[in-house]
Novice: 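The structure follows.
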2 protein chains.
Amino acid sequence: MQSQAKPTDPQAETAAHDFVYRKLRSRIIWGEIAPGESLTLRGIGKEYSVSMTPAREAVRRLAAEGALSISASGRVSTPVLSNERIEELAALRALIEVELASRALPRAHMALIDRLQAINHNMTEIVQNRDAVGYIRANLEFHRALYLRAQAPAMLALIETVWLQMGPTMRALYTRLQRSEAPHYHRLIIAALKAGDEPGLRLAVRSDVTQGLKMLAG
Amino acid sequence: MQSQAKPTDPQAETAAHDFVYRKLRSRIIWGEIAPGESLTLRGIGKEYSVSMTPAREAVRRLAAEGALSISASGRVSTPVLSNERIEELAALRALIEVELASRALPRAHMALIDRLQAINHNMTEIVQNRDAVGYIRANLEFHRALYLRAQAPAMLALIETVWLQMGPTMRALYTRLQRSEAPHYHRLIIAALKAGDEPGLRLAVRSDVTQGLKMLAG
DNA sequence: CGTTGCTTTTTGTGATCACAAGCGTGCTAT
DNA sequence: ATAGCACGCTTGTGATCACAAAAAGCAACG
């Protein structure tokens, strides 16, 4: 029995390809998939109970965002980043995130600062549990919460594609590193926000973003 | 008679979906399609003699890059940008292109400067012919030639997606504007390159990129 | 004359299939 | 024992179809 097309909704709940896209995207951006790990369309389809068609569309979309790489023969895998590429992506993060933070600063209310502090507090616990995925997840949540205040959707979308590209590599980096404490630059960010200190905020964000890179080079 | 699959090559020449993607991408980035213009999968397929499948994949890829927007019901059209979004995209151009130019500077040979001058010279002719598409095309060629020297593929890829998003709107802007001369900031860029003047180069690029925006606001 | 209702057409979505290339495995020959 | 080759399985690609929803065209009514 082939029930053809979507049995119930068109894309009211969310289309199948979009559902698969979101699921995969989360796994990638949170570093749940190792760099260079390969995926198959049929495998993805089976995992989410859809046919190859929506799986293919989700994969194409992610590939367009740099979250997946497709070989010449069409094989799908998470990208393995060279050191040069990591440096570039970190530079992009520094460039764009500093701008976002700067734009968010005048709009930062107390509620935002409270939320950032709460997230940051959670991170100290996560770190003690040696939970790399949880760490990345909370870290992104921290940055996203801040940048949302910038009211700059295009910039936010762009920086998220950069995060996406770094996802698998970040996980490899963090598990190798085993941090012992929450990022202390986050506290500098919060302090600068409280003080309304723009230069300090820019520096703190830039430092936080490029800090991981130094460990890689060292 | 259904000849199923690709009759000759797998993706040796380039897969059908990739072919369609490239064609559409060119048309969009050069401003050959007006903002808000709508496309259909069957129409695209017919235009390039392929079925809906590769057309759909090309469209998804372009949508992921922001070159096309897809309505809640799945309808495909070129995006209509709000003024706020244009300002954001221009800010992103300024941010990233200044960085790219800066990285290209130490690598800029005489051959590059000659090429930039040649492109710029062509633009004066194109302007007199009132050829908006040709203008955008040459302008992008100018910038791309410069940024290629930066040896920063991730940054270049990112900025190209920004250009893509602005494509249709740029055309609307330039036809409305009817420039009378080639962009004079290009000459400042070339001069700064020759002199090895980094601050001057950064300022010239930033001015060139944000100049179009001012006309919009005025 | 405009508006509301229904019917027809258009359009995107997802499943399925045939096909070809990739890739690995195991066998054979030297 | 190792190198080369052939076979089979895996995997991506593209065409086609059935379906549902949205859009457009059309008619009848206020």
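Throughout, protein chains are lettered first and strands after them, A, B, ... in sequence-line order, and every chain is numbered starting at 1. Quick caveat, the model's predicted, so the values are computed rather than measured. Computation of the quantities below employed the complete heavy-atom set of this structure, encompassing side-chain atoms and omitting hydrogens, waters and symmetry-equivalent molecules.
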Novice: List the residues meeting side chain to side chain donor-acceptor pair (under 3.5 Å) with B/R202, not counting sequence neighbours, and say none if there are none.
Specialist: B/S102, B/E198
Novice: Which pairs with one or both residues in residues 112-124 of chain A pass side chain to side chain donor-acceptor pair (under 3.5 Å), sequence neighbours excluded?
Specialist: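 Listed once each, the pairs are A/N120-A/H186.
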Novice: side-chain contact (heavy atoms from CB on, under 4.5 Å) for A/I96 and B/I96? Distances and angles first, verdict last.
Specialist: CA-CA 8 Å; A/I96 298 172; B/I96 299 173; 4.3 Å; yes
Novice: Taking only residues two or more places apart in sequence, or in another chain, which ones meet A/E57 in a salt bridge (Lys or Arg N to Asp or Glu O under 4.0 Å)?
Specialist: B/R56, B/R60
Novice: Tell me whether the side-chain N/O atoms of A/S73 come closer than 4.0 Å to OP1 or OP2 in C/dC23.
Specialist: yes
Novice: Run the side chain to side chain donor-acceptor pair (under 3.5 Å) test against A/S51 and tell me which residues pass, sequence neighbours left out.
Specialist: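 So A/S51 forms no side chain to side chain donor-acceptor pair (under 3.5 Å) with any residue.
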Novice: Kindly write out the residues that satisfy salt bridge (Lys or Arg N to Asp or Glu O under 4.0 Å) with A/E47, not counting sequence neighbours, or none if the list is empty.
Specialist: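 Partners of A/E47 under the salt bridge (Lys or Arg N to Asp or Glu O under 4.0 Å) test: A/R27.
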Novice: In degrees, rounded to 10°, what is the bend between the two ends of the helix from C/dC1-D/dG30 to C/dT30-D/dA1, using five pairs at each?
Specialist: 10°
Novice: Among the nucleotides D/dT11, D/dA22, D/dT13, which one has an atom lying closest to any side-chain atom of A/R75?
Specialist: D/dT11
Novice: Holding to salt bridge (Lys or Arg N to Asp or Glu O under 4.0 Å), I want the full list of residues that pass it with B/R25, two or more places apart in sequence or in another chain.
Specialist: B/E160
Novice: Can you sort out which residues in residues 37-59 of chain A have a heavy atom within less than 4.0 Å of DNA chain C? Ascending by number, please.
Specialist: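 Heavy-atom cutoff 4.0 Å gives A/V50, A/S51, A/T53, A/P54.
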Novice: Please enumerate all residues that pass salt bridge (Lys or Arg N to Asp or Glu O under 4.0 Å) together with B/E32, with sequence neighbours excluded.
Specialist: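 For B/E32 there are no salt bridge (Lys or Arg N to Asp or Glu O under 4.0 Å) partners, ignoring immediate neighbours.
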